[in-house]
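Each remark here refers to the structure printed beneath this line.
In the text below, chain A, chain B and the rest are named by the order of the sequence lines, each starting its count at 1.
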2 protein chains.
Amino acid sequence: MLDDLDRTIIEILVHDARISLKELSNQVGLSSPSVSERLRRLEEKKVIRSFTIDIDPVALGYSLSAIVRVRPLPGMLHIVEKLIQETPEITECDKVTGDDCFVGKLQFRTMEQLDMILDRLSERAETNTSIVKSSPVKRRLPPLS
Amino acid sequence: MLDDLDRTIIEILVHDARISLKELSNQVGLSSPSVSERLRRLEEKKVIRSFTIDIDPVALGYSLSAIVRVRPLPGMLHIVEKLIQETPEITECDKVTGDDCFVGKLQFRTMEQLDMILDRLSERAETNTSIVKSSPVKRRLPPLS
DNA sequence: AAATTATGCTTGATGATCTTGACCGAACTA
DNA sequence: TAGTTCGGTCAAGATCATCAAGCATAATTT
C-alpha cells in the first residue's frame, strides 16, 4: 500500500509540513510533479488526514493537564458522552473496554477550573483524575514499516 | 499575548496548514507580509510548535489502540520509563499523579502484538489495559479565549 | 510472442506565490 | 516635541507550483 518513497514523504512532512514541494522532492529524490501526485493520493486514500499545526497549550494559558477516567452512573452513558463532547477543555477522549468507560485528556489553567469541570461530570459519573506531571513520550508515529 | 488576529490565524491553520499565505491573509484581512511576520513570531514564541500532518494509524496497519496504565514495581521506575520510551508502538505517554505512574497510548495490529508488548512491561510493572472502542472526542484545541 | 494499456516518471513553460526592502503612521518614551 | 519602536502596506524580483507533453517500464490482452 505504501512504498518507501511514501514513507519518506510522510516522515519529512510530520516534522515540517510547510516545506516547499521543490525542497521536498529534492529530499525524496523525485521531481516535484511526482511528489505532488503522491501527496494527492496520500490525501485521497486518507493516509494523510490533514495538514495542521501543533499548538503548545501552555502558550494558550493551559499550563496544567490531567487524564480523567469516567464511569457513568447507571443509565447515564449517553448523557455523559454528550457532556464530555460539550466540554471544550476535554481535548481528546476515547471510549474503552473495562471498568472505565471513557478516558479523556483535560487541559486547564487552575485547580479551580479543574474542580468546576469535574463537578459537572460528577453529577452523572464517577471520575478518577490524574494530574500530568511530565510527558516522557511526546506524540509520535508508530513504526511505518 | 495573542490577539484576535493571531487566534484567527491559528484556527485557520489547525484545519489547513497548507493554505497559501495569500489566501490566509485574505481570510485574516491583512497583507501577506504581515501574516508572514505574525507566523514567524508565533513560531518564535513557540505558540506554534510545528507544522505537521495528521496520519491515520489505520492506514499504517494499526487498526487497534489501547490505553495502558503502568505502575512500576519497587525500584523499577526509571527502567520502566526507559522501556516505555523505547517501545515505538507507545505513541504518547504521560507521567501522572496517583497510583498509576504512567498513562500511555498504544497502537497495535493484532492481539498477539499487544500481548508481546505488555509481556515486556509486565516483567517490571503492573499494567492495566483498556482497548479503545471509539473516540468520542478527536484531538482538538481547548478554547483560545 | 506481440501488441496494447496503464502507471509513474521527467522536462520545460507559464502563471501564481513568497520574500525583500523601502516607506508610512500610530503609540509610547525621553 | 522629538525620537524610537512596532506593526502595517506596497511593489519588485525571486521562487515555486502546476500543467501539458512525452517517455520508459511493467502488466494485461490478443
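- Look at CG on B:Leu5: it is 15 Å from C1' on D:dT9, rounded to the nearest Å.
- Counting to the nearest Å, the C1' atom of D:dC6 and the CG atom of B:Asp3 are 13 Å from each other.
- For the pair B:Ile19 CD1 and C:dA16 P, the computed distance is 18 Å after rounding to whole Å.
- What separates CG of B:Leu39 from P of D:dG8 is a distance of 12 Å, to the nearest Å.
- Residue contacts shown for A:Arg41 are limited to sugar-phosphate atoms, with no base heavy atom under 4.0 Å away.
- By the criterion of side-chain heavy atoms lying less than 4.5 angstrom apart, applied directly or through intervening Ile, Leu, Val, Met, Phe, Trp or Tyr residues, B:Leu106 is not grouped with A:Val96; the two fall into different hydrophobic clusters.
- Among all heavy-atom pairs drawn from B:Thr127 and B:Ser122, the shortest one is OG1-OG, 4.2 Å.
- Between B:Arg109 and A:Pro143, the shortest heavy-atom distance links the atoms NH2-O, 4.1 Å.
- Considering A:Ile131, A:Thr129, A:Val103 as possible partners of A:Ile67, the one that fulfils the side chain to side chain contact (heavy atoms under 4.5 Å, CB included) test is A:Val103.
- As rounded to whole Å, 12 Å separates atom P of C:dG8 from atom CG of A:Leu42.
- A:Leu39 and A:Leu141 fall within a single hydrophobic cluster, where Ile, Leu, Val, Met, Phe, Trp and Tyr side chains are chained together by heavy-atom contacts under 4.5 Å.
- Between the CZ atom of A:Arg18 and the P atom of C:dC18 there is a distance of 11 Å, given to the nearest Å.
- Applying the side-chain contact (heavy atoms from CB on, under 4.5 Å) rule to A:Asp99 yields the partners A:Arg71; only residues at least two apart in sequence or on another chain are considered.
- Near DNA chain C, defined here as any heavy-atom distance below 4.0 Å, the residues from residues 20-38 of chain B are B:Ser20, B:Leu21, B:Lys22, B:Ser32, B:Pro33, B:Ser36, listed numerically.
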